[in-house]
Amino acid sequence: MSEIDLDIQKTAPKNDAENLSERCALLGIEWLEKAPETEQEAVTLIEPDIAVRLRIVPLSRENGTLTIAMADPLDVTASDEIGTIVGLSIERVGVAADAFGDLMRATYGTTAARMAESLAAESGMSASSDLEHNLDAIEAGDIHRMAEEPTLINLVNLLLLEAIQSRTSDVHVEPFEAELKVKYRIDGILAEQSPPPKHLQPALIGRIKIMAGMNIAERYIPQDGHITLRFEGRKVDIRVSTVPTLYGESIVMRILDKSSIQLELKSLGMDQEHRSTMDQLISKPHGLVLVTGPTGSGKTTSLYACLSKLYDPRKKIITIEDPVEYELGGINQIPVNPKRGLTFATGLRAMLRQDPDVIFVGETRDAETIDIVIRSALTGHLVFSTLHTNDALSSIGRMIDMGAEPYLAASVLEGILAQRLGRRLCPHCTEWVPLSEDLEHRLTEQEREQLAGRMPMAHGCEECRNRGYFGRLGFFELIRVNSTLRTAIAENGSMGDLKTALPNDFRNMRDDGMAKVARGETSIDEVLRATQDVDDN
């Protein structure tokens with residue numbers, strides 16, 4: 001599929017900040033490091049989609065001159081276009097990149113919502129139109145025509161643009177009887193956005209399906225698609241899924257922005273002790289390393305970080321994934337394709353004929369796959385894979401439930417990492433406050449002593465958009481399989497036997513999370529929310 005440019009957004013300025021400010025000084029153009037104030041009268045002179053596309057923000061109008069803030073004040077073409085549109089003289093002001101981003105968000109933060117309202121008004125459809133109640137009556141040709149309207153194209157582009165800029169991982173478009181909801185998942189939490197009018201639903205969903213290469217005429221079966229965008233000079237992949245619901249198709253777009261992913265265990269929140277153990281595990285010549293946790297807990301990202309660290313041109317590394325989320329340089333990645341007969345099991349068999357040193361299996365989900373995984377580890381390969389279990393120890397029972405012989409599982413298992421994701425407190429507005437009574441009774445005596453009667457709390461600031469959180473970090477528990485635990489596994493020991501065989505220095509996810517609270521990295525609420533289902537206390 002060809003790449004789509006977000007043409008509402010120019011690429012980043014060619015000149016770096018220092019060169020821009022110096023050249024502006026030479027040309028007599030004012031340069032600002034902080035976002036300036038805007039006048040509403042000036043802002044209304046330029047349509048939001050034009051302002052975003054040209055990377056300008058109108059500031060003020062006085063005596064026939066419009067002053068505009070620009071990300072690249074040397075972009076004469078953009079300033080000339082603005083002058084032609086408004087019929088006024090243009091005075092340029094340069095603004096530093098971060099400040100300009102804040103200014104753009106403050107001025108056009110609801111651009112998509114404004115455009116949706118404008119489009120609704122132009123469409124001439126009333127809220128009581130039969131269209132709202134009879135969406136099935138619209139022909140595919142009509143949807144295609146509406147979806148190709150330039151303003152609607154910009155509306156969808158702006159939805160994606162705002163999502164990428166706000167670090168959204170998933171965009172949800174949900175149809176209901178009287179409204180069409182749009183939600184962004186930011187740092188793991190869904191945030192509802194200003195909704196487009198209901199009667200734009202067919203065109204909006206049709207446009208997304210066209211971009212994703214889906215069949216817009218088919219509205220009654222689930223479909224999967226893929227969008228590749230160019231945004232600020234970098235490639236952004238979007239995985240699209242549709243399912244038919246009572247009031248139309250629900251769409252989820254997962255944004256896979258490689259530039260935003262940190263493929264280092266330290267940046268994922270793993271402490272030095274756990275990183276040292278992981279280094280020992282991935283340096284093994286053969287064996288099986290499992291990463292467990294529910295969907296969305298960051299398992300694949302952790303394994304990508306391990307593979308990136310493990311990469312060596314002298315080693316053959318092959319992965320099989322469903323789907324391939326991020327492209328890793330120098331690593332052979334195979335996407336699962338069940339429709340063509342390429343499952344995890346069949347792909348694994350083929351991979352073993354490729355003479356690999358390291359194998360990554362995206363998910364071990366059946367008896368056939370677990371059998372091949374174990375035999376691959378037995379025959380001199382280092383194998384990484386994931387399981388859906390609540391904690392690290394549960395994965396041993398899960399392997400045996402899928403048909404693995406206990407003595408074989410014991411012989412190949414080298415390590416098990418379990419994890420959850422929690423939100424990271426904003427470092428710019430975090431402060432220490434007394435431990436609240438409603439949280440104190442939910443902590444163990446040891447945890448209360450660890451916090452010494454205080455806890456970190458973020459009140460929200462401009463940096464985190466008043467959310468109090470910025471980004472996510474992992475809560476981990478890591479088991480390195482020693483001889484005692486290996487014996488307990490081989491003997492098909494109970495969960496109690498396995499717990500008794502754990503190393504003395506083992507820490508569960510809650511312990512790891514509370515240590516991060518004590519360092520001011522996250523909040524108690526986040527640890528309790530993320531780890532309550534694996535906490536024995």
Side-chain angles (χ1 to χ4, degrees), residues 5-15 17 19-21 23-122 150-166 193-194 196 231-232 462 465-466:
D5 282 324
L6 277 180
D7 55 1
I8 53 174
Q9 175 82 17
K10 282 188 177 265
T11 56
K14 299 178 182 178
N15 310 291
N19 287 341
L20 269 178
S21 60
R23 295 179 68 182
C24 285
L26 291 174
L27 295 172
I29 299 174
E30 185 179 2
W31 179 265
L32 302 175
E33 294 293 336
K34 294 185 178 181
E37 297 291 330
T38 60
E39 294 180 3
Q40 188 59 33
E41 180 186 358
V43 170
T44 56
L45 293 175
I46 304 296
E47 291 296 322
D49 57 320
I50 296 174
V52 175
R53 174 171 62 84
L54 297 178
R55 300 287 283 157
I56 69 98
V57 176
L59 298 179
S60 62
R61 175 184 179 179
E62 186 176 356
N63 298 328
T65 298
L66 179 67
T67 302
I68 60 173
M70 304 183 69
D72 182 4
L74 305 183
D75 187 354
V76 180
T77 303
S79 61
D80 287 347
E81 183 174 340
I82 293 297
T84 301
I85 292 171
V86 299
L88 300 170
S89 299
I90 300 298
E91 181 176 341
R92 293 169 284 165
V93 174
V95 180
D98 290 343
F100 184 84
D102 294 338
L103 178 63
M104 180 67 77
R105 283 190 293 271
T107 309
Y108 297 111
T110 56
T111 303
R114 293 178 189 175
M115 284 192 64
E117 292 172 2
S118 173
L119 187 60
E122 293 172 5
T151 313
L152 187 80
I153 291 173
N154 263 348
L155 169 61
V156 175
N157 285 354
L158 281 168
L159 281 173
L160 296 176
L161 169 71
E162 291 176 355
I164 295 169
Q165 287 180 331
S166 60
Q193 308 299 306
S194 298
F231 170 73
E232 293 188 344
E462 291 183 1
R465 301 192 189 182
N466 293 315

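For the numbers below, each heavy atom of this structure counts, side chains included, while hydrogens, waters and symmetry mates do not.
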What's the spacing between [X] [atom1] and [Y] [atom2] if we round to 0.5 Å?
{"X": "I85", "Y": "D80", "atom1": "CD1", "atom2": "CG", "value": "11.0 Å"}
{"X": "I29", "Y": "L32", "atom1": "CD1", "atom2": "CG", "value": "12.0 Å"}
{"X": "E37", "Y": "L59", "atom1": "CD", "atom2": "CG", "value": "10.0 Å"}
{"X": "L159", "Y": "I164", "atom1": "CG", "atom2": "CD1", "value": "11.0 Å"}
{"X": "I56", "Y": "D72", "atom1": "CD1", "atom2": "CG", "value": "13.0 Å"}
{"X": "S60", "Y": "I68", "atom1": "OG", "atom2": "CD1", "value": "11.0 Å"}

Decide side-chain contact (heavy atoms from CB on, under 4.5 Å) for L45 and I82; before the verdict, give the C-alpha distance in whole Å, the side-chain angles of both, and the deciding distance to 0.1 Å.
CA-CA 10 Å; L45 293 175; I82 293 297; over 6 Å; no
Test item: R92 side-chain N/O and P73 main-chain N/O as donor-acceptor pair under 3.5 Å
yes
Would you find more than 12 non-hydrogen atoms of other residues, nucleotides or ligands less than 6.0 Å from R465 atom CZ?
yes
Working note: W31 + V95, criterion side-chain contact (heavy atoms from CB on, under 4.5 Å); need CA distance, chi angles, decisive distance, verdict.
CA-CA 6 Å; W31 179 265; V95 180; over 6 Å; no
So do T38 and P58 actually touch side chain to side chain, heavy atoms under 4.5 Å?
no
Is the closest side-chain heavy-atom distance between M70 and D75 below 4.5 Å?
yes
Might you point out which heavy atoms bring [X] and [Y] nearest each other, and give the distance in Å?
{"X": "A99", "Y": "E33", "value": "CB-O, 3.3 Å"}
{"X": "P36", "Y": "L103", "value": "O-CD1, 3.5 Å"}
{"X": "L66", "Y": "A42", "value": "CD1-CB, 4.0 Å"}

Return the set of residues passing side-chain contact (heavy atoms from CB on, under 4.5 Å) with T65 (not counting sequence neighbours), or none when no residue passes.
S89, E91
Check the pair E81, L54 against side-chain contact (heavy atoms from CB on, under 4.5 Å), reporting the backbone distance first and the verdict last.
CA-CA 9 Å; E81 183 174 340; L54 297 178; 3.6 Å; yes
